[in-house]
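Structure, as structure tokens:
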Amino acid sequence: MKVHYAALGLVNTRAMFAAAIRGGFAVPAYNFNNMEQLQAIVMACLETQSPVIIQVSKGAREYADRTLLRHMGQGAVEMMKREAAEKGVGEIPIALHLDHGDSYELCASCIESGFPSVMIDGSHLPYEDNAALTREVADLAHRHDVTVEGELGVLAGVEDEVAAAAHTYTRPEEVEDFVTRTGVDSLAISIGTSHGAYKFKAGQTPSIRLDILGEVERRIPGFPIVLHGSSSIPQEAVDAINRYGGTLTGSAGIPEEQLRAAARSAVCKINIDSDGRLVMTAKIREILALKPQEFDPRKYLGPAREALLSLYREKNKNVLGSAGRAPEIMRALRGPALA
Ligand code: G3H
Ligand code: 13P
Ligand code: ZN
């Protein structure tokens, strides 16, 4: 069944990014695959009054089931509204986003099932092919008032089920032509972040190329930039995983102060998945190790959800600067007459 996102209470990313550019913060884009992750994301963002992008990869959409997912998006909005009314706090804007869409057909399918925002990731393609595919998706999306993220440059690590050994940094001289020709609403760039828990090699200083970001910003001032691969890989979670039977060695993430600096600039959306995976796994391992008699999933998934809540709360307040920004976006979305 086709459904437009507005009927589900979801919003596209336009007003969020306009506020992020004006206010020097980044909107959190947290990945989810299941109910507990979604609950933690939405509740942490409501509590901190942050706008939020809940995002799913192609794999997550297959895992959770595309029909169920559309209802989860709608359910997230309805839960948020009910909780806001019960707690006497303001509602927050929620965008459901396709992360790393790899084809026109996948983007079209998401748009038809109520996504207000999609990413078409043609970053592995030659420049001209990436621009042509991105243009095609943007044309379709904009007919439905859906916002589109494109990507230029390739992150090291695993992206789109393709492993790249080294970064291909975004070439600032290409960005103006790309955003003009494709009509995208935001652009993901490659400046040294990467997906997963192993972002830097042993002995390497964890550092991203804020100089490239600065050059991109100079060439397309005020244009919303997206950072993928932005987990910080909390050492406490890695230690807990290893203490309770895991084997994660040599993991490293993006230092929080570098993400703070990026969020103050043209970076409007910061993607975080691995940190949530680590925190959730750490708590589940701890409980199963300390209470071997336990077999009710609520007894380990519930505490894991609590741990995720704290993680997202802290990110919004102390890293992205998105806490307290929802009210101005809600006013903009309601329009001048009701503002
Ligand atoms: O960028 C990738 C995200 O972390 C999603 O990963 O494809 O394993 O769901 P996934
Ligand atoms: P992390 O693996 O650093 O969390 O990155 C997630 C991401 O970029 C999702 O698109
Ligand atoms: Zn990504």
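Counting starts at 1 for both ligands and their atoms, following the listed order. The basis for the numbers below is simple: all heavy atoms, side chains too, and nothing from hydrogens, waters or symmetry mates. As the structure is a prediction and not an experimental result, all values here were calculated from the model.
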Short side-chain donor-acceptor distance under 3.5 Å, E151 and H124: no
How about D185 and T147: does a side-chain donor come under 3.5 Å of a side-chain acceptor? no
Work out whether the distance between some heavy atom of G59 and some atom of ligand 1 is less than 4.0 Å. no
Which atom of A19 lies closest to which atom of F25, heavy atoms considered: O-CE2, 3.2 Å
Per-atom contacts of ligand 1 with D99, taking only distances under 4.0 Å to non-hydrogen atoms: 1 (O), 3 (C)
Heavy atom under 4.0 Å from ligand 1: found in N31's side chain, backbone, both, or neither? side chain
Name of the H195 atom (N/O/S only) found closest to the Zn ion (ligand 3): NE2
Any idea which heavy atoms bring A60 and N33 closest together, and the distance? CB-OD1, 3.2 Å
Can you name the closest pair of heavy atoms from T193 and H228 and give their distance? OG1-O, 2.7 Å
Show me, by chain and number, every protein residue that has a heavy-atom distance under 4.0 Å to ligand 2. N31, Q55, D99, H100, S194, H195, G196, K199, H228, G229, S230, S231, N271, I272, D273, S274
N33 N/O under 3.5 Å from ligand 1 N/O: no
Side chains of Y30 and N271, donor plus acceptor under 3.5 Å: no
Nearest heavy atoms of G73 and L96, plus distance in Å: CA-CD2, 4.4 Å
Set out, in order, the CA-CA distance, both residues' side-chain angles and the distance that settles side-chain hydrogen bond (donor to acceptor under 3.5 Å, both in side chains) for S190 and R209, then state yes or no. CA-CA 9 Å; S190 170; R209 295 286 302 272; over 6 Å; no
Could you walk me through whether H144 and Y5 pass the side chain to side chain contact (heavy atoms under 4.5 Å, CB included) test, one step at a time? CA-CA 9 Å; H144 300 271; Y5 67 81; 5.8 Å; no
Please find the N/O/S atom of H228 nearest to the Zn ion (ligand 3) and write down its name. ND1
Between N31 and D99: side-chain donor-acceptor atoms closer than 3.5 Å: yes
Would you mind running through ligand 1 and noting each atom that sits below 4.0 Å from a heavy atom of H195? 1 (O), 2 (C)
Quick check on contacts: which atoms of ligand 1 are under 4.0 angstrom from a heavy atom of D273? 3 (C), 4 (O), 5 (C), 6 (O)
How does R277 reach ligand 1, if at all, at less than 4.0 Å between non-hydrogen atoms: by side chain, backbone, both, or neither? side chain
Side-chain donor-acceptor pair present, D239, Y244, cut-off under 3.5 Å: no
Looking only at distances, please establish whether an N/O atom of ligand 1 is found under 3.5 Å from an N/O atom of H100. yes
